[in-house]
Amino acid sequence: MDYEAAQQLSETVKEHAERPRNYGPLKKYNAHHRWTGPCGDTMEYWLQIEAGRVVDLGFITDGCETSIASGSMTGTMAAGRSVEQVMQMDPLEIYEALDGLPDEFQHCILLALTTVQDACEVYLTEQEELKARQTEPLSEEQRLKQRMGQIRHKIAVFSGKGGVGKSTVAVNLASSLALEGYKVGLLDSDIHGPSVPTMLGLEGVPLEMDEDGVLPLEVDGIKVMSLGLMLESQDDAVIWRGPRKLAVIKQFVSEVAWGELDYLIIDSPPGTGDEPLAVCQTLNDLDGAVIVTTPQKVAAVDVRKSISFCRQLNVPVLGVVENMSGYVCPKCGDVTQILAGGAGQRIAEDMQVPFLGAVPIDPQVALAGDSGQSFVRYFADSPTAAILRDLFAPLLRLG
């Protein structure tokens, strides 16, 4: 700029050119734009916008004194305004604030204002895109990840064969955890024999939904989901092929609004087939499995298969439970060994996994299940309930 042109500049322009406000880039910003005008000068702005308002701002330019002054004054006037107000700023405001500027330098004002407004435009566009992404429906995998991220511990209850009391163990484990004050969910993933609704008195209770998904039923501090809750009649037979069963198990996790839980207990179908495999693959970060057996050789042999199944899928075995180990006389309380006991413990030792304990046959356990009551809660003073509490103690320590 020649001497004569410099003499035409106001004192305000000279002050902002010599001591520009907000000069230099910001370390923290969420809006940015760089623009080169027809004159060849480049202007660059960084903005930190919070709650729709410009709370901080910085700029640089490779132009002359008038570009620096225009950038400084534009930034000074934009700071503290809402994004909408910045977008509505008029070049005349800046011209008057600079106390006038010769005609040949007014393009500097346009360059500064265009750059800061373009930075705001970029910010608004990115916010709209972010909002659109947030309102897009989540995929099943995204919902699954989101649901599981709210659950601290996940324990599956397996058995090598049916009829060994696996659901009884799962229900009473969930109830024991709830009695200790934990937030507990119980997922009955047994498609063909869902017995959890009966054991907790939930038969015929309708499910509800909200914007977050299917709402599990809640009883005694336990959130419960089961296919049995979806059947019109408990007499209905579920005649499904593998793919449909696997899809339902995944939906039980991804589409049910479990919320924040300390524990999710999964009552898994018996055996080592498609459904237990789906449980392990869907909940691929299980804390471990509890394996239930009875003293008979035919049941105990299947424990080995269940343990091998867990090892192949990298699921820790938390322990083996031997159920129906002896009979408790309802009159005198003596335990009679109907079947040879100790098979569960021997296999646990042989396979080098924990043995959690042996549970006798107790008529009150059957009575509790048939009447829709959790045994450890409603028969808490019985000797068998004390056995169950001791058996579950190591699992409660996960919390």
Side-chain angles (χ1 to χ4, degrees), residues 1-139 142:
M1 182 183 299
D2 58 32
Y3 176 79
E4 184 177 346
Q7 289 300 106
Q8 300 178 47
L9 302 179
S10 69
E11 292 302 317
T12 304
V13 171
K14 292 178 182 177
E15 180 185 349
H16 277 269
E18 293 172 2
R19 294 184 296 278
R21 281 64 158 171
N22 307 303
Y23 196 76
L26 296 183
K27 291 183 178 180
K28 179 184 177 183
Y29 60 93
N30 54 13
H32 170 258
H33 194 68
R34 184 174 184 269
W35 185 253
T36 300
C39 62
D41 289 353
T42 296
M43 191 76 67
E44 193 166 1
Y45 275 92
W46 294 263
L47 282 67
Q48 179 62 29
I49 300 172
E50 296 177 6
R53 189 169 298 276
V54 179
V55 297
D56 202 2
L57 166 151
F59 86 101
I60 61 171
T61 180
D62 60 4
C64 61
E65 289 92 334
T66 54
S67 286
I68 296 173
S70 297
S72 175
M73 181 59 79
T74 301
T76 299
M77 298 179 69
R81 297 193 184 193
S82 69
V83 173
E84 289 75 13
Q85 289 172 333
V86 174
M87 295 295 293
Q88 295 170 6
M89 285 175 61
D90 190 284
L92 185 59
E93 290 183 66
I94 304 165
Y95 176 79
E96 291 176 347
L98 285 170
D99 198 20
L101 201 65
D103 291 346
E104 63 266 31
F105 301 123
Q106 290 183 18
H107 65 272
C108 298
I109 295 174
L110 291 174
L111 175 61
L113 184 57
T114 299
T115 306
V116 78
Q117 288 178 335
D118 283 352
C120 289
E121 185 68 40
V122 168
Y123 170 81
L124 292 173
T125 300
E126 290 177 348
Q127 290 299 303
E128 286 297 322
E129 291 175 352
L130 178 61
K131 185 177 179 180
R133 288 195 298 271
Q134 290 174 339
T135 56
E136 287 177 358
L138 295 176
S139 68
Q142 289 172 322

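Note that this is a predicted model, so its numbers are computed, not measured. When reading the values below, keep in mind they use all heavy atoms of this one structure, side chains included, and skip hydrogens, waters and symmetry mates.
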Are [X] and [Y] close enough that some pair of their side-chain heavy atoms sits under 4.5 Å apart?
{"X": "Thr61", "Y": "Ser70", "value": "no"}
{"X": "Glu15", "Y": "Arg19", "value": "yes"}
{"X": "His16", "Y": "Arg21", "value": "yes"}
{"X": "Gln127", "Y": "Ile49", "value": "no"}
{"X": "Trp46", "Y": "Asp56", "value": "no"}
{"X": "Glu11", "Y": "Asp99", "value": "no"}
{"X": "Thr12", "Y": "Met73", "value": "yes"}
{"X": "Val13", "Y": "Phe105", "value": "no"}

Hits for side chain to side chain donor-acceptor pair (under 3.5 Å) against Asp90, two or more places apart or cross-chain, chain-then-number order -> none
Side chain to side chain donor-acceptor pair (under 3.5 Å) partners for His107, two or more places apart
none
Does the side chain to side chain contact (heavy atoms under 4.5 Å, CB included) test come out yes or no for Tyr123 and Leu47, once each step is laid out?
CA-CA 9 Å; Tyr123 170 81; Leu47 282 67; over 6 Å; no
Roughly how far, to the nearest 0.5 Å, is the [atom2] atom of [Y] from the [atom1] atom of [X]?
{"X": "Thr114", "Y": "Trp35", "atom1": "OG1", "atom2": "CH2", "value": "8.0 Å"}
{"X": "Leu113", "Y": "Met87", "atom1": "CG", "atom2": "CE", "value": "9.5 Å"}
{"X": "Ser72", "Y": "Glu65", "atom1": "OG", "atom2": "CD", "value": "13.5 Å"}
{"X": "Cys120", "Y": "Met89", "atom1": "SG", "atom2": "CE", "value": "9.5 Å"}
{"X": "Ile60", "Y": "Ile68", "atom1": "CD1", "atom2": "CD1", "value": "11.0 Å"}

Residues forming a salt bridge (Lys or Arg N to Asp or Glu O under 4.0 Å) with [X], sequence neighbours excluded:
{"X": "Glu128", "answer": "none"}
{"X": "Arg53", "answer": "none"}
{"X": "Glu18", "answer": "none"}

Derivation of the side chain to side chain contact (heavy atoms under 4.5 Å, CB included) call for Val122 and His32
CA-CA 7 Å; Val122 168; His32 170 258; over 6 Å; no
Test side chain to side chain contact (heavy atoms under 4.5 Å, CB included) on Gln48 and Leu57 and set out the steps.
CA-CA 6 Å; Gln48 179 62 29; Leu57 166 151; over 6 Å; no
Residue pairs meeting ring pair (Phe, Tyr, Trp, His ring centres under 6.0 Å), one or both in residues 53-96, sequence neighbours left out, come to Tyr23-Phe59, Tyr45-Phe59
Under a 3.5 Å cutoff, is there a donor and acceptor pairing between the side chains of Gln117 and His33?
no
